[in-house]
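I have placed the structure first, in the form of structure tokens, so that the comments after it can refer back to it.
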Amino acid sequence: MPTIAYFGPQGTFTEQAARSLARGEHLVPADTIPAAMRAVRAGAADAACVPIENSVEGPVAATLDGLAEDGPLVAVTEALLAVHFSVLTREDAGEIRTVASHPHALAQVRHWLEANLPGAEPVATASTAAAAVAVQQGQYDAAVTAPVAVEHYPLRVLATGVADVADARTRFLLLRKPGTLPEPSGHDRTSVVAAAAHSTGSLAGLLTELAVRGINLLRLDARPLKENFGYYRFFIDFEGHIAEPRVGDAVAALRRRCNNVRFLGSHPRADGAPSAVEPGTGNDDFTDAADWVDAVRRGERA
Ligand SMILES: O=C(O)C(=O)C[C@]1(C(=O)O)C=C[C@@H](O)C=C1
């Protein structure tokens with residue numbers, strides 16, 4: 001049976017996202033984001049579900065690094081989840097001195113913790129559900145978890161609906177080895193990563209290739225190259241699908257400027273927002289212009 005490896009253990013937000021994206025696949029938890037990606041690269045799973053960005057805390061570094069390093073993986077779909085947390089303790093919990101969770105989760109409830117558990121020390125764990133496991137085992141006093149965690153771990157619910165930012169969301173990707181791409185939907189996201197040259201205007205040059213084709217930028221993140229201090233790779237998301245002439249033309253231009261560009265996927269956006277198209281930059285405009293050049297080359301038009 002086809003399987004999806006998700007960033008677990010059971011009861012993470014990522015499991016919720018994987019459930020919403022699964023089409024009958026068997027879901028298998030992985031302890032870390034790199035482990036979920038490794039499972040796909042090694043052929044132990046058909047797809048991996050991982051978080052990519054949160055509206056409060058920003059990009060998920062482990063996912064970005066995993067997409068740029070090792071064998072290529074391509075996003076085929078995405079999910080957007082509203083993120084509000086539950087705070088769980090043991091039935092016999094006394095004073096709460098430690099509160100454990102994923103660093104992204106702790107960052108999203110900082111004010112709530114200051115107001116409601118002021119003396120408690122925040123402790124980072126591998127995921128929100130890993131924090132619930134650690135509380136169950138007596139390592140920490142409370143865990144900040146996804147609401148579903150309490151269904152997996154018999155803990156007492158101290159609070160629900162906890163979120164410093166009411167409308168916080170996390171976006172998740174379903175990753176596969178490169179293969180058939182999803183069909184264009186009219187509301188797609190295309191993602192690439194490129195290590196722009198350390199020279200004047202190189203990043204501006206990449207972004208200009210999108211701008212001159214009227215392609216709207218959706219996200220720009222930088223991650224250090226690690227081996228070289230001060231050098232970065234850039235994750236660039238933009239509207240449209242690589243199957244579209246306008247987007248294919250832009251991706252080819254990025255490749256011309258930067259031969260280490262890696263394609264990370266073209267797939268429908270979870271928010272369903274249609275791509276904006278500036279006058280003169282529609283797919284028909286690109287096709288008409290290319291047809292005209294062909295005709296000029298054949299000597300049929302001028
Ligand atoms: O630990 C989890 O439950 C996750 O799915 C990870 C994660 C994240 O990486 O941002 C997902 C959503 C929340 O923002 C907090 C943690």
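Note: hydrogens, waters and symmetry copies are ignored here, and every other heavy atom, side chains too, is used. When a ligand or atom number is given, it counts from 1 through the structure's own listing order.
Looking at Glu15 against ligand 1, nothing comes within 4.0 Å, counting heavy atoms.
Residue Phe13 has at least one nitrogen or oxygen atom sitting less than 3.5 Å from a nitrogen or oxygen atom of ligand 1, judged on distance alone. For ligand 1, the polar-atom distance check finds no N/O of Ser127 at less than 3.5 Å from any of the ligand's N/O atoms.
No option in Asp285, Asn283, Thr287 other than Asn283 meets the side chain to side chain contact (heavy atoms under 4.5 Å, CB included) test with Arg246.
For Phe13 and Tyr6, the gap between ring centers reaches or exceeds 6.0 Å.
When hydrogens are left out, the protein atom nearest atom 12 (C) of ligand 1 is Thr170 OG1, 3.5 Å; that is the closest non-hydrogen contact. Of the protein's heavy atoms, His104 ND1, 3.2 Å lies nearest to atom 10 (O) of ligand 1. Here the heavy atom of the protein found nearest to atom 5 (O) of ligand 1 is Thr14 OG1, 2.5 Å. Closest to atom 6 (C) of ligand 1, if we only count protein heavy atoms, is Phe7 CE2, 3.7 Å.
Relative to atom 14 (O) of ligand 1, the option among Glu53, Glu57, Gln108 with the closest non-hydrogen atom is Gln108. The nearest non-hydrogen atom to atom 2 (C) of ligand 1, considering only Thr128, Val148, Ile52, Asn54, comes from Thr128. Remark: among candidates Gln16, His102, His84, Arg171, the nearest residue to atom 7 (C) of ligand 1 is His102, based on non-hydrogen atoms.
Taking the side chain as every heavy atom from C-beta outward, Leu218 and Glu239 approach each other to under 4.5 Å. Between Leu88 and Val157 there is a side-chain heavy-atom pair separated by less than 4.5 Å.
Through direct or relayed side-chain contacts under 4.5 Å between Ile, Leu, Val, Met, Phe, Trp and Tyr, Met1 connects to no other residue.
Counting non-hydrogen atoms of other residues, nucleotides and ligands closer than 6.0 Å to CG of Asp31 gives a total of 12 or fewer.
At least one donor-acceptor pair closer than 3.5 Å links the side chain of Thr98 to the backbone N or O of Asp141.
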